[in-house]
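Residues: numbered from 1 along the sequence shown.
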Amino acid sequence: HVQLVESGGGSVQEGGSLTLSCATSGYDLTSGCMGWFRQAPGKEREGVAAVSPGGVSSVYADSVKGRFTISEDNANHTIYLQMNSLKPEDTAMYYCAASSVGYCFSWRAFSNDRTSWGQGTQVTVS
């Protein structure tokens with residue numbers, strides 16, 4: 001049974017930084033793509049960043065390119081999302097996702113039938 005637990009959210013001023021963590025259990029980080037998604041009130045969930053096993057490829061939303069970085073720590077079964085130069089429009093609930101797809105170059109790797117989701121961590125930028 002895959003479990004994903006996010007942490008690191010909070011409130012920050014515009015221009016600030018946060019690092020989100022996603023601790024995994026029951027899941028081998030070398031077996032599938034990991035990603036971060038977010039959902040703001042009244043909006044659909046959107047992909048933020050994703051990484052293929054071993055970091056061989058990564059995907060970023062245009063709105064976060066150059067500001068956010070996704071990374072993996074296989075030894076600690078954890079993925080991270082480093083967020084810099086935060087903007088008010090980054091305010092959302094951020095979710096960690098684990099896909100059974102072995103290589104991801106788009107958000108389609110995270111269809112609900114092949115993805116496990118965490119409970120989310122709130123990020124508020126003012």
Between [X] and [Y], which heavy-atom pair has the shortest distance, and what is it?
X	Y	answer
Ala98	Met34	CB-SD, 3.5 Å
Ile70	Ser58	CG2-CB, 4.5 Å
Arg67	Leu86	NH1-CA, 3.8 Å
Gly102	Ser52	O-CB, 4.4 Å
Tyr60	Phe68	CE2-O, 3.2 Å
Ala109	Arg114	O-CD, 3.6 Å

Would you call Glu46 and Arg38 a salt bridge, using N to O less than 4.0 angstrom? yes
Between Lys65 and Asp62, does any side-chain N to carboxylate O distance fall below 4.0 Å? yes
As an exercise, state the distance from [atom1] of [X] to [atom2] of [Y], rounded to the nearest 0.5 Å.
X	Y	atom1	atom2	answer
Met93	Gln119	CE	CD	9.5 Å
Thr24	Glu6	OG1	CD	11.5 Å
Glu89	Lys43	CD	NZ	8.5 Å
Ser21	Ile79	OG	CD1	9.0 Å
Asn74	Asp28	CG	CG	7.5 Å
Leu20	Tyr95	CG	OH	12.5 Å

Donor-acceptor under 3.5 Å ([X] side chain, [Y] main chain):
X	Y	answer
Thr91	Thr124	no
Thr115	Asn112	no
Tyr27	Ser99	yes

Is the ring pair Phe110/Phe37 parallel, tilted or perpendicular, if the boundaries are 30 and 60 degrees? perpendicular
Is there a chain of hydrophobic side chains (I, L, V, M, F, W, Y, each step under 4.5 Å between heavy atoms) that links [X] to [Y]?
X	Y	value
Leu29	Val2	yes
Val48	Leu18	yes
Val64	Val59	no

On the six-membered ring of Trp107, is Arg45 placed so that its NZ or CZ lies under 6.0 angstrom from the centre and within 45° of the ring axis? no
Are Ser126 and Glu14 close enough that some pair of their side-chain heavy atoms sits under 4.5 Å apart? no
Val123 and Met83, any side-chain heavy atoms less than 4.5 Å apart: yes
Could you list all the disulfide (SG to SG under 2.5 Å) pairs where at least one residue sits in residues 48-97, not counting sequence neighbours? Cys22-Cys96
Has Gln13 got more than 12 heavy atoms of other residues, nucleotides or ligands less than 6.0 Å from its CD? no
Any chance the side chains of Thr78 and Asn76 put a donor and an acceptor closer than 3.5 Å? no
Given Arg108, which of Ser111, Cys104, Ser106 fulfils the side-chain contact (heavy atoms from CB on, under 4.5 Å) condition? Ser106
